[in-house]
Undergrad: 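Sending over a structure as C-alpha cells; questions will come in a sec.
Every value quoted in this text rests on a predicted model; they were computed, and no experiment measured them. Note on naming: letters A, B, ... go to the chains in the order of the sequence lines (proteins, then strands), and numbering restarts at 1 for each one.
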Amino acid sequence: NAGVMQNPRHLVRRRGQEARLRCSPMKGHSHVYWYRQLPEEGLKFMVYLQKENIIDESGMPKERFSAEFPKEGPSILRIQQVVRGDSAAYFCASSPPRAGTDTQYFGPGTRLTVL
Amino acid sequence: DQQVKQNSPSLSVQEGRISILNCDYTNSMFDYFLWYKKYPAEGPTFLISISSIKDKNEDGRFTVFLNKSAKHLSLHIVPSQPGDSAVYFCAASGYRGSQGNLIFGKGTKLSVKP
C-alpha cells in the first residue's frame with residue numbers, strides 16, 4: 001500500500017524559471033493538501049484540493065503560485081518565475097474522502113533550491 | 001501571530017525515561033489535534049491524535065493529553081528510545097471552520113541519549 005508520493009525529491013531552479021512539483025495521494029484518498037516549510041519553521045498550509053476543485057487556497061501567495069488536482073493524474077503545484085525566497089521544502093499530504101477525517105498523511109517532500 | 005506554539009525548541013532525555021513534549025494553542029475553535037514526528041529530509045509521520053471531546057488518547061508508548069480549559073496539550077513517550085530522536089510537531093485543526101488545513105507549531109527536537 002504505497003504512501004503519498006512526491007517528485008522530484010530535489011529540484012534546482014534559477015531565478016525566473018518555473019518549478020513544477022507533483023504529488024500522488026495515497027490510494028483511495030481524494031483530498032490533497034500542500035504545505036511549505038521554511039528553515040527552522042513549522043509547516044505552513046498553502047492549498048487544499050479535491051479532484052478538479054480548489055477548496056481552500058487561503059495560504060497561497062497571490063502571485064506566481066497555482067495548484068491543480070485533475071480528474072486523472074497527480075496534483076501539481078506550480079511556481080512561476082521563482083525567486084530565492086521560494087527555496088523551501090514543499091510537502092503534500094492526503095486524506096480519505098470521509099467528512100470529518102482530519103488525519104493527513106504526508107509525502108517525503110520536494111526540496112526546492114533557487115539559485 | 002502563532003495559533004499553535006511549541007515553546008521548547010529542543011528536549012534531551014535519557015533512554016528509558018519519559019519524554020514530555022508540550023504544545024499550547026490560542027484558537028478555541030480547534031477541535032482536533034495531532035502529533036507528527038519528522039526525521040531530517042523526510043516528510044512528517046503521523047503519530048497520534050485526539051479529538052476535543054476527549055482528554056486522553058493512548059497508543060502504545062505514546063499518550064496525548066488535552067486540557068481544553070488551559071488550551072494545552074502534551075505528548076508523553078514512555079519509555080523513550082534512541083529511535084524516538086526526531087523533531088515533533090503539534091498540529092491543530094478546526095475542521096468545520098478551516099476546511100481541513102492543519103496549523104502547525106514550529107516543532108520540538110527530541111534527543112534520546114543511550
Side-chain angles (χ1 to χ4, degrees), chain A residues 2-10 21 23-26 29-50 53-60 67 88-111 113, chain B residues 1-10 21 23-25 27 29-54 57 59 62 64 66 86-109:
Chain A
V4 178
M5 300 177 69
Q6 289 187 249
N7 67 83
R9 293 292 306 274
H10 300 274
L21 289 64
C23 168
S24 295
M26 285 178 71
H29 287 192
S30 57
H31 298 200
V32 165
Y33 311 80
W34 285 93
Y35 293 82
R36 176 165 65 176
Q37 185 184 24
L38 296 170
E40 310 301 323
E41 295 285 324
L43 281 73
K44 293 281 179 14
F45 167 76
M46 300 180 75
V47 62
Y48 164 32
L49 310 105
Q50 295 177 20
N53 281 307
I54 297 175
I55 306 302
D56 180 358
E57 55 182 348
S58 59
M60 286 278 268
Y90 291 82
F91 293 98
C92 167
S94 71
S95 67
R98 295 184 296 275
T101 300
D102 292 300
T103 300
Q104 298 175 16
Y105 298 89
F106 283 81
T110 294
R111 274 141 194 90
T113 301
Chain B
D1 180 26
Q2 270 195 281
Q3 297 187 69
V4 176
K5 297 178 183 178
Q6 293 178 256
N7 291 320
S8 297
S10 63
L21 297 102
C23 178
D24 297 294
Y25 62 96
N27 190 337
M29 294 297 292
F30 290 147
D31 57 10
Y32 194 70
F33 303 88
L34 308 91
W35 284 94
Y36 286 86
K37 172 182 177 181
K38 186 180 181 302
Y39 293 116
E42 293 186 12
T45 301
F46 170 71
L47 268 179
I48 192 168
S49 62
I50 187 166
S51 164
S52 59
I53 62 174
K54 294 186 173 182
N57 188 25
D59 183 1
F62 303 92
V64 55
L66 175 63
V87 178
Y88 288 77
F89 290 98
C90 168
S93 170
Y95 178 78
R96 285 166 181 78
S98 62
Q99 300 191 58
N101 58 288
L102 297 177
I103 311 296
F104 281 83
K106 290 190 175 184
T108 296
K109 184 175 182 180

Undergrad: May I ask you to name which of Ala93(A), Ala89(A), Gly42(A) has the most heavy-atom pairs under 4.5 Å with chain B?
TA: Gly42(A)
Undergrad: Give, for atom CZ of Phe104(B) and atom NZ of Lys44(A), the distance between the pair rounded to the nearest 0.5 Å.
TA: 11.0 Å
Undergrad: What are the two closest non-hydrogen atoms of Tyr32(B) and Thr103(A), and how far apart are they?
TA: OH-OG1, 3.0 Å
Undergrad: For Lys38(B), is it the side chain, the backbone, both, or neither that has a heavy atom closer than 4.5 Å to a heavy atom of chain A?
TA: side chain
Undergrad: Mind checking side-chain hydrogen bond (donor to acceptor under 3.5 Å, both in side chains) for Trp35(B) and listing every partner two or more places apart, or none if nothing turns up?
TA: none
Undergrad: Does some side-chain heavy atom of Tyr48(A) sit less than 4.5 Å from a side-chain heavy atom of Asn101(B)?
TA: no
Undergrad: If you count heavy atoms of other groups shown closer than 6.0 angstrom to CE of Met60(A), is the number above 12?
TA: yes
Undergrad: At their closest point, which heavy atom of Leu102(B) faces which heavy atom of Phe45(A), and how far apart are they?
TA: O-CB, 4.1 Å
Undergrad: Which bit of Gln37(A) is near chain B, if near means a heavy-atom gap under 4.5 Å: side chain, backbone, both or neither?
TA: side chain
Undergrad: Testing the basics here: between Phe106(A) and Pro44(B), what is the closest heavy-atom pair and its distance to 0.1 Å?
TA: CB-O, 3.4 Å
